[in-house]
Amino acid sequence: MTTKKIEIKVNIDCEKCKHAIMEAVTELEGVNIVSLDQEKGILTVVGTMDPVCVAEQLKKVKQKPVVISVGPPKKPDPKKPDPKKEDPCFPYYYYTPLDMVSVNTYESGSGCTIV
């Protein structure tokens, strides 16, 4: 199944309602991300679950869900990759008053050396 983003209008009157909504939706198989905007009363669910199952689960906790949208989740903006995140052996330098430690990678990128 493909991953989809579902936005549903719900009634959030109190913390108990919020907790019941979050608990009901997170029990469903295929749910990856759940967020709840209390001010707007919008529940956003991302995953491979069926939107009908999400609505039915909300009805079990006395909600009257109104599906706003169903579609693919937003793709993250392509950014320039951070070399520190890609290579765990990216050169780091640590200084103390007594010594200096330098961590470098081999030219082939096959490991780390500490000098």
Side-chain angles (χ1 to χ4, degrees):
M1 295 185 85
T2 61
T3 303
K4 56 189 130 310
K5 176 181 172 184
I6 306 165
E7 291 183 338
I8 301 174
K9 179 83 173 160
V10 291
N11 297 321
I12 308 165
D13 300 326
C14 60
E15 284 296 315
K16 187 176 178 181
C17 296
K18 176 184 171 183
H19 180 73
I21 290 167
M22 295 295 279
E23 190 173 303
V25 173
T26 55
E27 289 177 356
L28 291 171
E29 187 175 329
V31 173
N32 296 336
I33 300 170
V34 178
S35 66
L36 187 57
D37 185 344
Q38 282 187 277
E39 291 178 9
K40 296 179 181 177
I42 296 177
L43 173 70
T44 304
V45 185
V46 178
T48 58
M49 67 285 144
D50 184 11
V52 174
C53 292
V54 176
E56 287 176 358
Q57 195 74 358
L58 290 169
K59 287 179 184 178
K60 289 180 182 178
V61 292
K62 299 184 170 91
Q63 286 291 315
K64 295 178 182 173
V66 177
V67 177
I68 298 171
S69 68
V70 177
K74 268 188 171 178
K75 293 183 181 178
D77 293 334
K79 295 180 181 177
K80 186 176 179 181
D82 186 3
K84 293 178 184 177
K85 291 183 181 179
E86 287 181 7
D87 186 4
C89 296
F90 187 82
Y92 292 98
Y93 300 99
Y94 305 95
Y95 296 98
T96 64
L98 301 174
D99 61 353
M100 184 180 108
V101 176
S102 172
V103 179
N104 297 308
T105 61
Y106 290 114
E107 288 181 10
S108 65
S110 63
C112 297
T113 58
I114 299 176
V115 181

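Values below: every heavy atom of this structure, side chains too, minus hydrogens, waters and symmetry copies.
The hydrophobic cluster containing V67 also contains V34, counting ILVMFWY residues as joined when their side-chain heavy atoms lie under 4.5 angstrom apart, directly or transitively. Note on V31: it clusters hydrophobically with L58, by side-chain heavy-atom contacts below 4.5 Å among ILVMFWY residues. M22 and L28 end up in the same hydrophobic cluster when Ile, Leu, Val, Met, Phe, Trp and Tyr side chains are linked at under 4.5 Å. Hydrophobic cluster membership is shared by V45 and V70, with clusters built from Ile, Leu, Val, Met, Phe, Trp and Tyr side chains linked at under 4.5 angstrom.
Contact detail for V61 and A20: the closest heavy-atom pair is CG1-O, 4.0 Å. For I12 against D37, the heavy-atom pair with the smallest separation is CD1-O, 4.1 Å. Across all non-hydrogen atoms, the minimal contact from P51 to K4 is CD-CE, 3.9 Å. Taking every heavy atom of both residues into account, A55 and P65 meet most closely at O-CG, 3.6 Å.
The stretch residues 5-17 participates, sequence neighbours left out, in these salt bridge (charged side-chain N to carboxylate O under 4.0 Å, His left out) pairs: K5-E7.
Qualifying side chain to side chain donor-acceptor pair (under 3.5 Å) partners for E23, counting only residues two or more places apart in sequence or in other chains: H19.
Going from atom CD of Q57 over to atom CD of E27 covers 6.0 Å, rounded to the nearest 0.5 Å.
Side-chain contact between V25 and I8 is absent, with no heavy atoms from C-beta onward closer than 4.5 Å. Side-chain atoms of Q63 and L43, non-hydrogen and from C-beta on, never get closer than 4.5 Å to each other. With contacts defined as side-chain heavy-atom distances shorter than 4.5 Å, the pair V10/L36 qualifies.
Crowding of E29 atom CD: a count of heavy atoms from other residues, nucleotides or ligands under 6.0 Å not exceeding 12.
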